[in-house]
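Fair warning: this is a prediction, and the values are worked out from it, not measured in the lab. The analysis underlying the following values was restricted to heavy atoms, covering all of them including side chains, and did not include hydrogens, waters or symmetry mates. Lettering of chains follows the sequences in order, A, B, ..., and the numbering in each one begins at 1.
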Number of protein chains: 4
Amino acid sequence: MSVPSTQKQWVITSGDKGFDGLQSQEAEVPKLGDHDVLVKLHAASLNYRDLAIAKGIYPFPLDLPKVAASDGAGEVVDVGPRVTLFKKGDKVVTLFNQGHQYGELRPDTVGTALGGMLEGTLRPYGAFHETGLVKAPANLNHVEASTLSCAALTSWNALYGLKQLKPGEWVVVQGTGGVSLFALQFAKAAGAKVIATTSSAKKAETLKKLGADHVINYREDPNWGETARKLTANGAGADHIIEVGGEHTMSQSLKAVKFGGVITLIGFLGGAKPKDNILEALNNICTLRGIFVGSREQMEDMCRAIEANDIHPVVDEKVFPFEQAREAYEYMWAQKHFGKLCISIV
Amino acid sequence: MSVPSTQKQWVITSGDKGFDGLQSQEAEVPKLGDHDVLVKLHAASLNYRDLAIAKGIYPFPLDLPKVAASDGAGEVVDVGPRVTLFKKGDKVVTLFNQGHQYGELRPDTVGTALGGMLEGTLRPYGAFHETGLVKAPANLNHVEASTLSCAALTSWNALYGLKQLKPGEWVVVQGTGGVSLFALQFAKAAGAKVIATTSSAKKAETLKKLGADHVINYREDPNWGETARKLTANGAGADHIIEVGGEHTMSQSLKAVKFGGVITLIGFLGGAKPKDNILEALNNICTLRGIFVGSREQMEDMCRAIEANDIHPVVDEKVFPFEQAREAYEYMWAQKHFGKLCISIV
Amino acid sequence: MSVPSTQKQWVITSGDKGFDGLQSQEAEVPKLGDHDVLVKLHAASLNYRDLAIAKGIYPFPLDLPKVAASDGAGEVVDVGPRVTLFKKGDKVVTLFNQGHQYGELRPDTVGTALGGMLEGTLRPYGAFHETGLVKAPANLNHVEASTLSCAALTSWNALYGLKQLKPGEWVVVQGTGGVSLFALQFAKAAGAKVIATTSSAKKAETLKKLGADHVINYREDPNWGETARKLTANGAGADHIIEVGGEHTMSQSLKAVKFGGVITLIGFLGGAKPKDNILEALNNICTLRGIFVGSREQMEDMCRAIEANDIHPVVDEKVFPFEQAREAYEYMWAQKHFGKLCISIV
Amino acid sequence: MSVPSTQKQWVITSGDKGFDGLQSQEAEVPKLGDHDVLVKLHAASLNYRDLAIAKGIYPFPLDLPKVAASDGAGEVVDVGPRVTLFKKGDKVVTLFNQGHQYGELRPDTVGTALGGMLEGTLRPYGAFHETGLVKAPANLNHVEASTLSCAALTSWNALYGLKQLKPGEWVVVQGTGGVSLFALQFAKAAGAKVIATTSSAKKAETLKKLGADHVINYREDPNWGETARKLTANGAGADHIIEVGGEHTMSQSLKAVKFGGVITLIGFLGGAKPKDNILEALNNICTLRGIFVGSREQMEDMCRAIEANDIHPVVDEKVFPFEQAREAYEYMWAQKHFGKLCISIV
């Protein structure tokens, strides 16, 4: 396959025009530095962050214009002269924070996110430093693999980044967003018990098919936090709660959590501000943890686990073609999706 | 149910008469101290250690005579006046080292094993300090629960006591003894990959049914350690190896283990002495860990995981009646069993 | 020394009479159960919690009347017939939550605090279950040892209970309360760097003498959180912050903390409610942890560290005699103390 | 300062000529790739490994000829166009295994050691990938900093790589080699207790000055392992033992170690083979760990701790000039050194 010299790519030109700011532009296919890898991207997946960036409501620093999106998967088609980690033909997925190799983020690596600070994945060909990629799990196709960069790694970090999940522990996940569904799948693969919440009987069915041990309809049971706690072993509460930050969720999470349990605050998913005072963490003897995706080391561990357990990400049945990227943004903004929304790149 | 004042119990009278030293004796049913729990034992299970004690070949300190066996399960029928952890009707299982509550063993707790230093479980009624018992997983019957005290907890400690097993990691188990089968079941429940070894095609089938991803016949493939390593992700080797201490197993384990991987030495299972020099741990950049069962804290975690994942211990199809305890010892000594050998106590 | 049959003890009779509710009452010296230890208490120390209980403003469950105070140290003068952990003459200190042996608190152990749910330490003789005591560090006298039960163990749990402090890490402590001073001493003994805050030049001197690497006067520098961050290695922020919960401290702590750093919320020290929204933990990619003292396992580790490093708790120069317990409460309520306020019990 | 185009460098030409194989050769100063950093090396330090490579007795793979030595420190004088981690003027030290960034070594990173597989540090100018360097602690001069790459990082890995050292724990170090002295210094800075062994009264004095709490003369007390155990808290044994692999040391280490304690096997220091059987780890319920230096992540932590605690490596009073590198090898081979032997590079 010969690599073209130019390509069309989707660029977030600015954050004040809404999705109109997402523009298809002609650009050169990047040249490779010593340690760069050229990837033929076959798929990208969207996160709420991508929509927020386009809408101009993303609260963290940006350096626009940039090629959109952080999540991408494809095949290595060329490598720089000193690349050692990959070879042509390898199937790869992008690392969200390109500089976040291990341990915690640092002042010098926090600003290395694709699709906002660095050029993203909504383009046919991308060049990435070799340490900004991870081998895709062998059991996944490109569309599935493209969902791992942000949502999946966030879930993995929640469950393994501070207090490592153990078989027999209890996990609470909220709703059917990407992070929550990955957390459900990871937790079940790891032998944990999972309580999921939703407001839809139909989604409840899907959650059960994915392995949820209990599903609570939070509309019928607004005090679902206490219900969840009672379901856990000895009524002691959940070891891990994936808190997606809805308006009234935190107060319920605080009721559901175990002494010493961890409530992971998943960033900026809905924009809602919980009302709860920070002191509640004390009164409930629990831990609140804010995270921002995860490291390359964690992503390697995660991909190994996905492959070993043949986990397949939940992808919305509608996969948009590359030309309709803007329609994909609109579709997701209208919350018509279930699971991860993906774009196929030919 | 009224508790009798006396009972027949199986006592190891000395270690120099072989299984003839295992004697049925009439004794008083014990009185309860403030914190004691009276358990109607319904089942016991045997470990190689029990046979070795009877045969006089157990290399660690003993304080004979003592009621035999460390593993027992049953129902609480009475509690001392200050017991808070249990109540009548609770189903319980014994803790192997009664004093090992948390952390590592200590000089003052290493000598508190049932059936050797303290009175064991081969008796209809036993009194135990409340912290010497753990609630049995609700999904198990008494016979199944009786297998957890030694073999299961040893496996759990191997996988969770030092470097906690994560989904996607690789575990090697050797043969079809109790510890190995529990390790296989625990590892699969936790989303790990398992390579098992055996010399029998029939046992290989059973290992696969229990979830083993790969089974190697070590007779056909004496260099199985290298084979195992090649099967692991990227040929990097196994994260955990449960080394049961056969004569030639260690040298193969050292070939199969990953850099930084843990080979747990399971104590005194066959009496064989590996020939390998301690320096091999260095040359293979790995960790060798000797353990001696585990703590109450670990056993609580383990029981929660067993219940959450509905794990059922592999019990030999022949369960001996209480009167035939000596025949059970003979049967196990002849290696006729598969999985755990249990004794039913009426 | 013969043990009397009755004694005078200070009892919190109710929580609605202020310090008048602290009454000296004649009572029997307790009898020993099988596993009980009789301690001749030689000293007690007060915590803000004790004052709050007396004032009726303690927000957690109580079971009054009870002998006051949770912190006590003394000598073993008698042991129950089945005690194994202690013998006559041992010097001991009380465990705050008597049931908290290891791991996290649980629903059945959260209500076992001395001086509120169980009989406390303001009495000449107390009987405690053997697992409710820990051997005192050999380098401390009774008054010093009496300060360890609550404030010291809380600090230790903050620094070692979730993310274990390592040499070279940075710790921020606020003010000169007991918990903060212990955290300063523990962190320095462990090879960490410490930034302390205070509003008094004189106290700043003392903080430096105790080892603080930097002291910030928060009155002169209300934006001290940012100042603290700049002082840390590479300006990356503090690994651990001991947040004592003043009205404006949390917002500064959030500025001072590192990505992935831990802000431990020290409970109920001043009654002030931080205004900050729980979402801030996310925006600062940090962890907020509520704790409630610590376990026996942690206290053993702590006492070993205190002895190994010859750490001496900071005790206010005024030690009150037993008869003046109520004056001690008044003195502490007026905030006249520096470090731990102790009561000597003859 | 202008960089010359050629330089004299010390090359291990082969492993079968002894120290005559260490040759001074003229070579080009390397050109910089995108991510390379040019370092003006000001000092190197030697390890037993370097001598063994020259003597042809190093048991691990090599790719000769290569510039000798793994340990070097100096100043950045130029950076490749895409370097982000360093700038001109930064003081740096080399990472032993250039590819070992985080976690455990892997098949693809185990063969990236300087001075054996990759060009080493005995040259005035060296080019290293930016991730193959770490910022030197600000409190050290170049000679001191040059000692950190191998011996210091090995010690740090021993104490922090598996079971993190805590204040109050006990550490045993053997003799006065580089690794042992670093372990002593690190352990004392971390609030641990240290028992050191030596056969010389004079060295015992130095060990005490460096902070050793106890020094045992192993010639006068051949059963020093038992003596060491008795010195530890409650006679429970040492939490960490740095085993340098002398002929009779392991059997004593096994006597000194605590249940659950870690004996770290320090690689290939004396060539002696301990006689002890691998099964001893089981009988003593302890952990034996083989390590091979450490990762970049660990080295960053270590450098932070060295700077925070103003630790100065013990350097032999004789620092050899660059021209006398071969004499330095002879001096160290004759064991005339104390602490680290260094070479100054002008």
Side-chain angles (χ1 to χ4, degrees), chain B residues 59-60 97 100 103-110 157 161-163 229 232-237 239 243-245 249-251 253-254 257-269 271-295, chain D residues 59-60 97 100 103-110 157 161-163 229 232-237 239 243-245 249-251 253-254 257-269 271-295:
Chain B
F60 300 106
N97 284 306
H100 192 187
E104 302 287 348
L105 273 171
R106 302 201 282 207
D108 60 329
T109 54
V110 72
N157 187 357
L162 181 68
K163 271 187 146 180
R229 173 192 281 272
T232 63
N234 302 315
D239 302 87
E243 168 62 54
V244 297
T249 51
M250 178 60 82
S251 54
S253 292
L254 288 165
V257 74
K258 197 176 187 171
F259 294 137
V262 179
I263 301 175
T264 304
L265 302 167
I266 300 306
F268 192 66
L269 282 177
K273 277 220 161 198
K275 304 270 183 306
D276 306 87
N277 190 286
I278 219 163
L279 205 64
E280 294 301 313
L282 171 59
N283 292 338
N284 294 277
I285 318 178
C286 70
T287 293
L288 305 181
R289 180 173 176 236
I291 59 173
F292 186 44
V293 197
S295 70
Chain D
F60 301 107
N97 285 305
H100 192 187
E104 301 288 347
L105 273 170
R106 303 201 281 207
D108 61 330
T109 53
V110 73
N157 187 357
L162 181 68
K163 271 188 147 177
R229 172 192 282 273
T232 64
N234 301 316
D239 302 86
E243 169 61 55
V244 297
T249 51
M250 178 60 81
S251 54
S253 291
L254 289 165
V257 73
K258 197 175 186 172
F259 293 138
V262 179
I263 301 175
T264 304
L265 302 166
I266 300 305
F268 192 64
L269 282 177
K273 279 219 161 198
K275 304 268 183 308
D276 306 87
N277 190 286
I278 218 162
L279 204 63
E280 293 301 312
L282 171 59
N283 292 337
N284 294 278
I285 319 178
C286 70
T287 293
L288 306 181
R289 180 174 175 237
I291 59 173
F292 186 44
V293 197
S295 70

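Residues B:Thr287 and D:Ile291 are not in side-chain contact: their nearest non-hydrogen atoms beyond the backbone lie 4.5 Å or more apart. Contact annotation: the side chain of D:Thr109 never approaches that of D:Asn97 to less than 4.5 Å [non-hydrogen atoms, C-beta and beyond]. Side-chain contact between D:Glu243 and D:Leu288 is absent, with no heavy-atom pair separated by less than 4.5 Å.
A donor-acceptor pair is defined here as one N or O able to donate and one able to accept, closer than 3.5 Å; such a pair exists between the side chain of B:Thr232 and the backbone of B:Gly237.
Looking at B:Leu162, only its side chain comes within 4.5 Å of chain D, counting heavy atoms on both sides. For B:Lys163, the part lying near chain D is the side chain, with the backbone staying farther off; criterion is any non-hydrogen pair under 4.5 Å. B:Val110 touches chain D through its side chain: at least one heavy atom from C-beta onward sits under 4.5 Å away, while N, CA, C and O do not.
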